[in-house]
Amino acid sequence: MRSEFSASIGLVIGGALWGLIWLPLRYLEGIGLPGAWSGLALYVGAAVVILPFWLSGRFGVTASLRSLAICGLFLGGAFSLYASSLLLTDVVRALLLFYLTPIWGTALGVFVLGEALTRTRVIALLMAMGGLLVVLGIGETAPLPRNAGDWLALLSGMCWAIGSLKIYQLGSANTFEQIVAFVFGSLVVTLAAMVIAPDVFVAGTSLITALPALPWGILMSLYVLPMLVLTVWPASLLTPGRVGILLMSDLLVGVISAALFAGEPFGWREAVGSLLIIGAAVVEVLGKRPTV
């Protein structure tokens, strides 16, 4: 129980770090890496950092490669699609459509894991979704995709819920293995997307143009890797529904940072919605306190 409590706190912190990931992505976009190129620079940078440790043989493989590959494709794919969505739609809309995740995660927990749908979870879920709708503006807009970026954000949330389920079921993999799978899953999905839909993901930028940004990708991976540790490790201990709710600290930090640095709106709706989401995380964590 204590490990679950620690994982819950770690996930809230990891989510907060996720809330700022749009800043390096948009910086890379500003230096000439539109579409999926900015995300690809981050994943290549992270791969360059972790590859020597992987090849050193210090970290033994404790889980089946097939299971790790599946986890990596879903979790890394979620990160890849989410990163692209942040550049193709408003930061707030990308955050909000991604964070329908608690609904998908709770459904998977109930129907796949046989998790009990407790009163605490229902209250937390209602508060989280209520906060989501308040921020979107009830009566003014609906949480429905409107463009390619919105659809990518929605799909990334679904992939994240499935990936969280897979990594929870896997259980035996260590954190390093999970991060390796995550990073290379991100690379595979991003490259596949760039081949399948170049108009959306490549955005007319050539590889020659993208190469000079690799050093920036390596530098920014020093931010991405700790963020992944605080996201992937808790997902192996917590059920998908709980992961989805606690990760909404990303939404709070993202909405506030977008208002401060991107000029996106932050008024009474964002404030009330943020309080509801914070309340949902508190209810979820305190509803399952560690025992002595």
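Quantities reported herein were computed from a predicted structural model and do not represent experimental measurements. One-based numbering along the sequence shown. Just so you know, these numbers use all the heavy atoms, side chains as well, and skip hydrogens, waters and symmetry mates.
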Does the [X] side chain pair with the main chain of [Y], one donor and one acceptor, at a distance under 3.5 Å?
X	Y	value
Thr89	Gly149	no
Ser257	Gly254	yes
Tyr223	Leu17	yes
Ser80	Gly76	no
Ser84	Leu81	no

* Trace of the side-chain contact (heavy atoms from CB on, under 4.5 Å) decision for Ser236 with Gln178 -> CA-CA 9 Å; Ser236 66; Gln178 295 164 3; 3.7 Å; yes
Between [atom1] of [X] and [atom2] of [Y], what distance do you get to the nearest 0.5 Å?
X	Y	atom1	atom2	result
Thr101	Leu108	OG1	CG	10.5 Å
Leu117	Leu125	CG	CG	8.0 Å
Arg66	Leu68	CZ	CG	12.0 Å
Thr190	Leu42	OG1	CG	10.0 Å
Leu165	Phe74	CG	CZ	9.5 Å
Leu211	Ile208	CG	CD1	5.5 Å

Would you say [X] and [Y] make side-chain contact, with heavy atoms under 4.5 Å?
X	Y	answer
Val232	Ile167	yes
Leu126	Ile123	no
Met227	Val224	yes
Pro102	Met248	yes
Asp150	Leu88	no
Trp54	Glu177	no
Leu40	Val44	yes
Glu29	Trp37	no

* To do: State, without any angle test, whether Ser164 and Trp160 hold a side-chain donor-acceptor pair at a distance under 3.5 Å.
  =>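 A donor-acceptor contact under 3.5 Å links the two side chains.
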* Ser85-Trp151 side chain donor-acceptor pair, cut-off 3.5 Å ->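 Per modelled atom types, Ser85 and Trp151 side chains form no pair under 3.5 Å.
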What is the minimum heavy-atom distance between [X] and [Y], and which atoms define it?
X	Y	answer
Pro240	Ala161	CB-O, 4.1 Å
Met194	Val202	O-CG2, 3.4 Å
Leu276	Met127	CB-O, 3.6 Å
Gly10	Pro234	C-CG, 4.3 Å
Cys71	Leu170	SG-CD2, 4.0 Å
Leu247	Gly15	CD1-CA, 3.7 Å

* Stepwise ring-ring contact (aromatic ring centres under 6.0 Å, His included) test for Phe79 and Tyr43 -> CA-CA 10 Å; Phe79 186 17; Tyr43 316 142; 5.3 Å; yes
* Candidate pair Gln169 and Val112, rule side-chain contact (heavy atoms from CB on, under 4.5 Å), full reasoning -> CA-CA 10 Å; Gln169 290 176 320; Val112 179; 3.8 Å; yes
* Asked: Are Leu152 and Phe201 close enough, and set up right, to give a side-chain contact (heavy atoms from CB on, under 4.5 Å), and what steps lead you there?
  -> CA-CA 11 Å; Leu152 290 178; Phe201 294 97; 3.8 Å; yes
Cluster question for you: counting only ILVMFWY and a side-chain heavy-atom cut-off of under 4.5 Å, with indirect links fine, are [X] and [Y] together?
X	Y	answer
Leu113	Val122	no
Val12	Ile21	yes
Leu275	Ile245	no
Leu207	Leu187	yes
Leu23	Val253	yes

* Can you check side-chain contact (heavy atoms from CB on, under 4.5 Å) on Phe184 and Ile179, steps first, answer last? -> CA-CA 9 Å; Phe184 285 95; Ile179 291 175; over 6 Å; no
* Tyr82-Trp22 aromatic ring centre distance below 6.0 Å ->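 That pair fails the under 6.0 Å test.
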* Test side chain to side chain donor-acceptor pair (under 3.5 Å) applied to Trp18 and Ser249, step by step -> CA-CA 8 Å; Trp18 272 84; Ser249 57; over 6 Å; no
* Asked: Between Trp233 and Phe176, does a ring-ring contact (aromatic ring centres under 6.0 Å, His included) hold up when you go through it step by step?
  -> CA-CA 9 Å; Trp233 159 64; Phe176 181 77; over 10 Å; no
